[in-house]
Every structure is written in C-alpha cells, then in structure tokens.
Amino acid sequence: MIFWQEVLDMNVAPKGSIAHVWEGGTYAQIMAEMDTVTKNGHQAILSSCWYLNYIKYGADWGYIDNDNRRLRGLYYECEPTGFNGTQAQKDLVLGGEAMMWGEFVDGTNLTPRLWPRASAVAERLWSNPLQTTSADAAWPRLHEFRCRMMARGYEVEPPNNPDYCPDFWDPIFPDMQT
C-alpha cells in the first residue's frame, strides 16, 4: 500500500509499504526525507518537487530562488535519488509524480494549469537525467510542445512568458457567434 510519508515517519505503516514523499520546504529537507524513508527499508515515490498548483509569477518550472521550492519549482533540479544514501536505498526509489491540489484549481483552469507544467515533469522523470537538468535547455522544448498542444485545440498556459506560436489557438464559442 502507498501511504503519505508521515504515516511511515510515525512507524505505523505495515511492512512493505510505499512512502509518498510530498513534504519538505527545501531541496535538502526533501532529500533528507527520501533518505529516512529508504533507510527504513521502504520504497518511495517523490512528488514534493512537482506541485503544479502553486501560484507563482513567471515561469514556475524554472530555477530555484533562495532554496525554497515554494518560490520556484524544482522541476529540472530535482532528482528522486539525489540524497546521500546507499545504492540499496536508491534502488528503493520508484520515481516521482506530478501533483495538483484543488484549492485554486477547478474545471475552468485544470487543463491550462497542467500543461505545459506536467510535460516538464514527465521530461525530467522519463528522460536521461544527464540531459534534463537544465531549465535553460528545456524552455525551447516546452515552447514547441505548447505550440503543438495549441494546434491540437488544447488550452495551455505559456511556459516562459508571453510567446508566439505559428498556429494560433482561436476557439469558436457558440454563444458568441452572431
């Protein structure tokens, strides 16, 4: 079974449980929790670095400011096995996942909030880590992906700042037609 990390921290989870590590205000705190969970023999899934619902100004998938993930995302800087542990501990890490809570998200902004943020998380987790640690190298890919999604009719937010796509997204609203 998968439990939030605090259940394992309190030693009440059954043996063989998987920890969902979702807390930690800094990268160091997140990695310390990953170390603790795996040191206790539990498998782990990390989501602390990839909360898509945080309200921020600017490109929130970019670099860290002041080592605080709440100011900027850790999308490209975070590595689920980046803690100081043994290889046996790191082998217990199953990976990571993008997360979104609903305090500021509903059906009107779910899709734009997810994309292209979730694509940054997917690229980081599913690609060669040596090729996906630079937000500078990633932004052209995210821009191109956003343009593809817009051309297919998806409402997606700009990943960087206001930008331009050759196939402009121009929906037809039935109640606005004359």
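When reading the values below, keep in mind they use all heavy atoms of this one structure, side chains included, and skip hydrogens, waters and symmetry mates.
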Problem set entry | Flag for Glu6-Trp22: side-chain donor and acceptor within less than 3.5 Å | yes

For this session: Heavy atoms only: give me the nearest Arg117-Arg113 pair and the separation to one decimal.
Result: NH1-O, 3.0 Å

Problem set entry | Inter-residue atom distance Phe3.CZ - Met10.CE, 0.5 Å rounding | 10.5 Å

Exercise. Given the rule that I, L, V, M, F, W and Y join up when any side-chain heavy atoms are under 4.5 Å apart, are Tyr154 and Tyr164 in one cluster?
Worked result: no

Problem set entry | Separation between CG of Leu94 and NE2 of His20, rounded to the nearest 0.5 Å | 11.5 Å

Exercise. Measuring from Trp50:CH2 to Arg124:CZ, what's the distance to the nearest 0.5 Å?
Worked result: 7.0 Å

For this session: Look up atom CD1 in Ile18 and atom CG in Leu92, then write down how far apart they are to the nearest 0.5 Å.
Result: 10.5 Å

For this session: Determine whether Pro80 and Val21 make a side-chain contact, defined as any pair of heavy atoms from C-beta on separated by less than 4.5 Å.
Result: no

Exercise. So which heavy atom on Gln29 is nearest to which on Gly24, and how close?
Worked result: OE1-C, 3.7 Å

For this session: Taking the side chain as every heavy atom from C-beta outward, state whether Leu52 and Val105 have any pair of such atoms under 4.5 Å apart.
Result: no

Problem set entry | Atom of Met34, atom of Ala44 and distance for their closest heavy-atom approach | CE-CB, 3.9 Å

Exercise. Could you give the distance from CG (Leu46) to CD (Glu33), rounded to the nearest 0.5 Å?
Worked result: 10.0 Å

Exercise. With side chains defined as the heavy atoms from C-beta onward, is the minimum distance between Thr36 and Gln5 less than 4.5 Å?
Worked result: no

Exercise. So, for Asp106 and Asn109, which heavy atoms are closest and what is the spacing to 0.1 Å?
Worked result: N-OD1, 2.8 Å

Exercise. Which heavy atom of Ser127 sits nearest a heavy atom of Thr132, and at what distance?
Worked result: CB-CG2, 3.5 Å

For this session: Could you grab the distance from atom CD of Gln89 to atom CG of Asn84, nearest 0.5 Å is fine?
Result: 9.5 Å

Problem set entry | Same apolar cluster: Met1 and Leu8, side chain cutoff 4.5 Å | yes

Exercise. Between Lys90 (side chain) and Gly82 (backbone), is there a donor-acceptor pair under 3.5 Å?
Worked result: no

Exercise. In terms of hydrophobic clustering (I, L, V, M, F, W, Y; side-chain heavy atoms under 4.5 Å; direct or indirect links), are Ile45 and Val37 co-clustered?
Worked result: no

Problem set entry | Asn40 (side chain) donor-acceptor with His42 (main chain) under 3.5 angstrom | no

Exercise. Should Tyr27 and Glu79 count as side-chain neighbours, where that means a heavy-atom distance under 4.5 Å?
Worked result: yes

Exercise. Is it true that the side chains of Tyr76 and Glu123 contain a donor and an acceptor less than 3.5 Å apart?
Worked result: yes

Exercise. Is Glu157 paired with Arg146 through a side-chain N to carboxylate O contact shorter than 4.0 Å?
Worked result: no

Exercise. Can you find a heavy atom in the side chain of Pro158 that is under 4.5 Å from one in the side chain of His143?
Worked result: no

Exercise. Should Trp126 and Phe145 be regarded as members of a common hydrophobic cluster, given that ILVMFWY residues are connected when their side-chain heavy atoms come within less than 4.5 Å of each other, either directly or indirectly?
Worked result: yes

For this session: Determine the interplanar angle of the Trp101 and Tyr51 rings, folded into 0 to 90°, and report it as parallel if under 30°, tilted if 30 to 60°, perpendicular if over 60°.
Result: parallel

